[in-house]
Amino acid sequence: MTTLYLFCSAAPPALEVADVIADAQARGWDVCLGLTPSAHRWLEPEVDELEGLTGHAVRSSYKLPGEPDEWPTADAILVAPATFNTVNEWALGLTSKFVVGVVAEAIGKRIPTVAMPCANAAYVQHPQFDRSLDVLRAAGVSVLYGPGGFEPNQPGERRAEGFPWGIALDEVGRIILRASQPQCERESD
């Protein structure tokens, strides 16, 4: 079974994570849920339910040295919603948060990774945001931002159609399939 690490930052779409987990499981994936500290605080009342749904501990902090790893090895990672802060910390290699540390290391381990930012139109005007997206793309992360991915909304607004979780999960499926192909087939794509 394919193991997906689903990592959420504290943005409103994180409140929909139970449905996203169910969708990922329907696709045949074993899901491990990781949260930034703020996202964990938002979802704290649901953590037991989410652990029951995934069959794994919900993690928001690093394990202590010598503690066994609670999760199976990731076959793919989805970072969504990836807030302005998470995107910039990741691109800059600032790994004080568990979620950011795992995805920073995933680049070096070549674990297929998808990121779907969730930042409003005011935040994305900051010059670091585009630089961070460029850094992540250059490192091999599939970044779903702009047409065909997440498009920023105005501060305080949510889109009627909601966060495009389906697009993110479809991209995870694509990168899992691509990673399972022999190298010569991938090069001919």
Spatial distance of atom CG (Leu177) from atom CZ (Arg174) [nearest 0.5 Å]: 9.0 Å

Closest non-hydrogen atom pair, Trp165 against Pro81: CH2-CD, 3.6 Å

How many angstroms lie between atom CG of Asp30 and atom OG1 of Thr3, to the nearest 0.5 angstrom? 4.5 Å

Which heavy-atom pair separates Leu6 from Ala80 by the least distance, and what is that distance? CD1-O, 4.2 Å

Under 3.5 Å, which donor-acceptor pairs link side chains of residues 141-148 to any protein atom two or more places apart or in another chain?
residue, atom, partner, partner atom, Å
Ser142, OG, Glu171, OE2, 2.6

Test Phe129 against Val87 for side-chain contact (heavy atoms from CB on, under 4.5 Å), laying out the working first. CA-CA 7 Å; Phe129 188 72; Val87 167; 4.0 Å; yes

Side-chain donor-acceptor contacts of residues 34-50 below 3.5 Å, not counting sequence neighbours, with atom names and distances?
residue, atom, partner, partner atom, Å
Thr36, OG1, Ala39, N, 3.3

Side chain proximity check, Arg158 to Pro13, heavy atoms < 4.5 angstrom: yes

Tyr62 side chain near Thr95 side chain, heavy-atom distance below 4.5 Å: yes

Please examine the side chains of Trp29 and Met1, heavy atoms only from C-beta on, and report whether any two atoms are closer than 4.5 Å. no

Side chains of Ser9 and Asn85 in contact at under 4.5 Å (non-hydrogen atoms): no

Test your reading of the model: is there a side-chain donor-acceptor pair from Trp90 to the backbone of Ser132, 3.5 Å cut-off? no

Is it true that Phe150 and Val135 fall in one hydrophobic cluster, defined by side-chain heavy atoms closer than 4.5 Å? no

Looking at CD of Gln125 and CG of Asp130, how far apart are the two atoms once the value is rounded to the nearest 0.5 Å? 8.5 Å

Can a donor-acceptor pair be found, under 3.5 Å and without considering hydrogens, that links the side chain of Asn88 to the backbone of Phe84? yes

Partner set under side chain to side chain donor-acceptor pair (under 3.5 Å) for Asp170, not counting sequence neighbours: Arg27

Paired with Cys8, the side-chain contact (heavy atoms from CB on, under 4.5 Å) test is passed by just one of Leu15, Val79, Val17, namely Val17

Thr54: partners by side chain to side chain donor-acceptor pair (under 3.5 Å), with sequence neighbours left out: none

May I ask you to test the Lys97-Ser61 pair for a side-chain heavy-atom distance under 4.5 Å? no

Does Asp75 have any side chain to side chain donor-acceptor pair (under 3.5 Å) partners at least two apart in sequence or in another chain, and if so, which? none

Side chains of residues 99-120: which donor-acceptor pairs under 3.5 Å do they make with residues two or more places apart or in other chains?
residue, atom, partner, partner atom, Å
Thr113, OG1, Ile111, O, 2.8
Asn120, OD1, Ala122, N, 2.9
Asn120, OD1, Tyr123, N, 3.0

Is any side-chain heavy atom of Val172 closer than 4.5 Å to one of Ile176? yes

Write down the atom of Ala57, the atom of Glu51, and the distance for their closest heavy-atom approach. CA-OE2, 3.5 Å

Would you check if Leu64 and Glu67 make a side-chain contact, meaning some heavy-atom pair closer than 4.5 Å? yes

Could you walk me through whether His56 and Val31 pass side-chain contact (heavy atoms from CB on, under 4.5 Å), step by step? CA-CA 8 Å; His56 301 287; Val31 181; over 6 Å; no

Are Leu4 and Cys32 packed together at the side-chain level, in the sense that at least one heavy-atom pair is separated by less than 4.5 angstrom? no

Answer yes or no: is there an ion pair linking Glu70 with Lys63, defined by an N-O contact shorter than 4.0 Å? no

Mind telling me whether Phe7 and Tyr5 have parallel, tilted or perpendicular rings, with 30° and 60° as the class edges? tilted

